Each structure stands twice: as structure tokens, then as C-alpha cells.
Amino acid sequence: MDRNRLYRMIPKVDVLLENETVEMLAEKYGHGIVMDMIHKEMDRLRELIRNTDDSENIEREICQLPQAIQKETEALFIPNVRKVINATGTILHTNLGRAPISRRHAELLADIVSGYSNLEYNLEAGRRGERYAHFEKLICRLTGAEAAMVVNNNAAAVLLVLSTIATGGEAIVSRGELVEIGGKFRIPDVMKQSGARLVEVGTTNKTHYSDYEEAITEETKALMKVHTSNYRITGFTESVPLTELRKLADEHDLPLIEDLGSGVLVDLTKYGLTHEPTVRESIAGGVDVVCFSGDKLLGGPQAGIIIGKKKYIDRMKKNQLTRAIRVDKFTVTVLELVLMEYLNEEKASENVPVLRMIRETEETLMPRAEKLAEMIMRENVAAEVTVEKIYSQVGGGSLPSELLEGAAVSVHPLGMSAGRLEEAMRKSAHPIIVRTAEDCVKMDVRTVLDEEFDTIARVLADILAGGN
Ligand SMILES: *Cc1c(COP(=O)(O)O)cnc(C)c1O
């Protein structure tokens with residue numbers, strides 16, 4: 001093979017720059033980036049000539065050089081973060097961005113962040129304001145707390161609470177509550193970071209009042225409760241109720257703090273789920289400082305909400321750490337909107353997507369699954385399409401033992417395996433994330449929006465063309 005002849009076939013840069021396609025790219029995306037892509041593609045061709053022997057293929061590649069440059073350049077301008085359709089049925093899917101925000105809230109957000117806002121400006125007084133002021137009264141109204149503030153996520157909230165209240169001293173936690181949450185959030189490790197020493201009491205399954213009592217020393221700075229949000233210990237178990245811990249804390253003049261994990265503001269038993277301790281219950285039970293996530297069962301943006309006695313919240317607002325983990329205008333804006341929905345619980349259950357999805361039952365989901373199945377079948381896909389009952393999870397480390405009854409569209413492809421179909425759906429221009437089982441792709445409609453049905457049908461039509 002005459003490699004030198006092939007090397008010579010690669011056009012010179014100035015010749016390429018006169019090519020119509022490349023000229024158009026430079027015009028649209030800028031000269032610099034197009035030059036980068038030209039050099040990158042040329043290097044690739046040289047390497048191809050050096051390392052392969054298929055001269056026909058190499059010649060073809062050389063002829064296609066402008067198209068390859070176009071593809072590489074355009075790819076740079078397609079955002080990597082994309083909308084995906086969550087057909088897994090897992091409502092709080094941490095890998096898929098946890099809680100979805102309603103379109104109305106997203107539109108209000110777009111309006112606020114595309115201009116300036118009163119994020120830290122008091123419009124009444126005409127001077128600097130506090131970024132927590134926008135929702136502090138609202139959170140207090142909804143939870144019964146005296147004061148509130150918000151940081152980037154609940155992991156940061158726990159860190160701030162401990163480093164404000166217990167740094168340099170000890171915090172007592174039950175061994176049954178030494179939680180690890182997904183993404184390597186471990187209570188013992190967070191404690192170390194905060195400068196507080198962890199004192200573990202009791203055993204994995206049982207912790208008694210006396211265990212806490214005997215662990216209290218001069219060094220003790222707080223009693224801490226952690227909600228075991230992502231696991232359940234069943235069988236012979238015992239933990240100390242809040243009221244008892246409150247009594248103990250009072251006797252020793254210690255603050256009682258609680259990491260609630262998921263911040264539930266409504267009583268989930270109304271939706272047929274098992275009881276999950278609500279934020280209001282913790283405050284009513286006398287906890288001094290409670291923290292919880294904004295994007296778990298609350299259904300809002302990623303945030304760590306800290307509420308409780310004003311004297312502690314004030315100290316946290318002044319902690320230097322707060323500046324490093326403070327929330328931005330996106331979070332502040334959406335959080336206020338979502339919290340506002342909770343002023344009317346009935347409205348919240350319709351307008352907060354997470355609550356709406358939790359509330360759906362097999363009865364309401366079955367007709368939706370049938371509609372989606374029909375839309376898919378209308379595309380004459382090469383597959384067997386059926387509707388069936390399915391169980392889904394809340395996810396996000398919330399309500400681990402709860403299975404929600406729902407409905408799914410099951411697609412058994414005829415010309416390929418379910419694994420291949422799953423991959424093609426995931427890699428399509430409109431990525432769809434599904435489960436597979438029994439050589440079928442299963443789409444749980446609980447987490448799919450009605451407005452996404454059309455896209456699903458079209459993507460499947462593309463992948464499974466040719467059925468009849
Ligand atoms: C989820 C969770 C956290 C971490 O919250 P993020 O908002 O994900 O940072 C901390 N503690 C408990 C108990 C949790 O359930």
C-alpha cells in the first residue's frame with residue numbers, strides 16, 4: 001500500500017477552508033473551533049493511514065473529511081445534559097435528577113433567572129436583604145418551626161448543623177441509625193468532617209433510654225437522631241421515642257437534633273402509603289433542629305432545609321461554612337414556588353409532580369398505559385405490545401419497603417433482543433430509560449408524562465420499523 005500517496009491525498013488546511021461545508025461551519029460556529037476540528041480530523045486520518053491497510057476505506061474517509069468535521073463541530077454544541085424520559089417507575093431516581101419540577105414552576109423560574117431579581121435585596125426597605133427571607137416564614141408556617149434556612153443539599157445541612165452545634169465535642173447517635181445514603185454519604189464520616197466526635201450507643205437493633213443516658217458526659221454537645229430513610233430494621237427492635245429523648249435532652253440542657261432525610265410535609269397514609277414521620281411531627285415532638293432534603297418526598301429542587309429554634313438557626317446563618325454551601329437563585333426561586341403549593345395540601349398533591357406520581361393508583365395508571373400501548377401499536381412496530389400490572393418504588397432512598405402498584409406497557413421486540421431495544425431507546429435522540437424483564441422492555445407510565453407519549457411512540461417506530 002502506497003501510504004505516501006494517501007498522505008498526499010489529505011487536503012491542505014486552506015483548501016479545506018474553502019470547502020462550502022467548512023466555510024458554513026466557520027461562519028456559524030467561529031473560525032477557531034473549526035480549525036481545532038480540522039486538525040483533530042486530520043490527525044485521525046494520518047493515524048488511520050499509519051495503522052490500517054484498507055486503502056479503499058481510507059480514501060473514502062478522506063473524501064468525507066468535511067462531513068466528519070461538520071459532525072464533530074456540531075456535536076460540541078449539543079448540550080450533554082439532556083432531557084430523558086423516565087419510564088422506570090422510580091419516582092425519585094437520583095441518577096435521573098430526582099424530583100421533576102412542574103412546567104409552570106419552570107416557566108416562572110425562567111422569567112426570574114433570565115433577568116435580575118431581589119435575591120438578596122429587600123424591596124420594602126431598599127437595602128440588602130437575606131436570601132432565606134423569601135421562604136423562611138413559609139417554611140415556618142408549614143412546619144411549626146421558629147426559624148429556617150436552606151443550603152445546597154441535606155448532606156451539607158447535616159455538616160452545618162453538627163459543625164455549628166457539636167464541633168469540638170461529642171454527639172450521641174444510636175448504632176441503629178448510622179446510615180449510609182447513596183453516593184457515599186455516611187453519618188460517621190460527616191461527623192468527622194464537622195469536627196464533632198461520634199459517640200455510638202446501643203446495638204444495631206436495640207437502643208434504650210439508658211444507653212443514651214450513660215453516654216452523656218461533660219463533652220456531650222448534642223443528642224442526634226437520624227431517620228433510617230433507606231432501610232428498615234425489623235424483628236426484635238427498640239428505639240427511643242422522640243418524647244423520651246426530649247426529656248433526656250432537657251435534663252442535661254442539651255440540644256436535640258434530627259436528620260430526617262426525606263422531608264415529608266403531608267401525611268402519606270392519606271395516599272395509602274405507610275406512615276413516614278413528617279417534619280411537623282419532629283418539631284411538635286420538641287426537636288431543636290431538624291434538617292431534610294428539598295428534592296426527595298418534598299418534590300422540590302436540590303436543597304438542604306434546616307429548621308428549628310431561632311437561637312440555633314441564627315448561629316448557623318453566621319457560620320462561615322454557610323457561605324461555602326449557600327443556595328443559588330435557581331434553588332431559592334423554585335423552592336419558594338414548591339413550598340407555596342403546600343399551603344393548600346390538595347393543590348400540592350396535584351401541582352407537585354412527585355406527590356401526583358405517588359398518588360396515582362393502578363386504576364388511574366391502567367388507562368394511561370392502554371393509551372400509550374395504542375399509540376405505539378398504531379406505528380406498526382415489529383413487536384408484541386401489551387399492558388400489564390407492575391410494581392414501582394418511590395426511590396431516592398425513601399420508603400424502601402413500599403411497593404406501589406401501577407401499570408406498564410410491555411414491548412417484546414420481534415427482530416432483536418430486549419437488551420438491544422433498551423440500548424437503542426437509551427441512545428436515541430430522545431433518551432428513554434426503561435426496565436427489561438422476560439425479554440421485554442417494560443415502561444411504567446407512573447413516571448412518564450402524557451406529553452411524552454408521542455415521543456415514545458415515534459422513537460419506537462424508528463427503532464422497530466418494519467412490523468406489520
Ligand atoms: C438522603 C439523605 C441524606 C442526604 O440528603 P441529600 O439531599 O441527598 O444530600 C442525608 N441523610 C438522610 C437520612 C437521608 O435520607
Side-chain angles (χ1 to χ4, degrees), residues 90-101 139 148-163 165-166 171 173-194 196 198 200 204 207 222-233 239 242 256-265 268 273-279 281-282 287 289-308 316 321-322 324-328 330-332 334-335 338-339 354 393-402:
T90 302
I91 299 171
L92 297 170
H93 203 304
T94 300
N95 302 149
L96 303 182
R98 281 201 192 153
I101 300 302
I139 296 180
M149 69 175 292
V150 175
V151 294
N152 269 330
N153 53 31
N154 191 36
V158 176
L159 182 64
L160 178 62
V161 170
L162 286 170
S163 86
I165 290 179
V173 187
S174 158
R175 283 205 171 83
E177 299 175 359
L178 296 176
V179 182
E180 174 176 317
I181 309 292
K184 288 267 154 45
F185 172 89
R186 286 181 162 182
I187 285 292
D189 296 341
V190 177
M191 285 217 159
K192 225 174 270 160
Q193 280 288 326
S194 73
L198 166 69
E200 303 172 23
T204 307
T207 302
L223 302 183
M224 183 175 186
K225 249 191 113 51
V226 183
H227 181 48
T228 57
S229 37
N230 61 355
Y231 65 94
R232 292 281 178 274
I233 296 174
S239 61
L242 266 188
L256 176 59
I257 60 189
E258 184 174 29
D259 170 12
L260 253 188
S262 254
V264 195
L265 294 181
L268 291 178
L273 300 183
T274 29
H275 180 75
E276 181 79 351
T278 66
V279 180
E281 283 166 16
S282 287
V287 182
V289 176
V290 182
C291 63
F292 52 97
S293 282
D295 58 351
K296 287 186 181 170
L297 289 167
L298 183 76
Q302 177 185 306
I305 302 170
I306 310 172
I307 61 171
M316 283 179 232
L321 186 56
T322 298
I325 53 178
R326 78 174 182 192
V327 277
D328 68 354
F330 294 81
T331 307
V332 167
V334 178
L335 190 61
V338 173
L339 288 169
V354 167
Q393 285 185 310
V394 174
S398 306
L399 300 167
S401 28
E402 197 86 37

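Ligands are counted one by one from 1 in listed order, and the atoms in each one are counted from 1 as well. What you are looking at is a predicted structure, and each value in this text was computed from that prediction instead of being measured.
- Residues meeting the side-chain hydrogen bond (donor to acceptor under 3.5 Å, both in side chains) test with R186, sequence neighbours left out: E180.
- Applying the side-chain hydrogen bond (donor to acceptor under 3.5 Å, both in side chains) criterion to T94, with sequence neighbours excluded, gives R98.
- Side chain of E177 to main chain of T228: no donor-acceptor pair is present (N/O by atom type, distance under 3.5 Å, no hydrogens or angles).
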Could you check ligand 1 for N or O atoms lying under 3.5 Å from protein N or O atoms and list the pairs with distances?
from, atom 1, to, atom 2, distance (Å)
ligand 1, 5 (O), S293, OG, 3.1
ligand 1, 7 (O), N154, N, 3.0
ligand 1, 7 (O), S293, OG, 2.5
ligand 1, 8 (O), R98, NH1, 3.0
ligand 1, 8 (O), R98, NH2, 3.0
ligand 1, 9 (O), N154, N, 3.2
ligand 1, 9 (O), A155, N, 2.9
ligand 1, 11 (N), D259, OD1, 3.3
ligand 1, 11 (N), D259, OD2, 2.6
ligand 1, 15 (O), S229, OG, 2.4
ligand 1, 15 (O), K296, NZ, 2.8

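- For H93, there are no side-chain hydrogen bond (donor to acceptor under 3.5 Å, both in side chains) partners, not counting sequence neighbours.
- Between I139 and V150, some side-chain heavy-atom pair lies under the 4.5 Å cut-off.
- Closest approach of L198 to V173, counting heavy atoms only: CD1-CG2, 3.6 Å.
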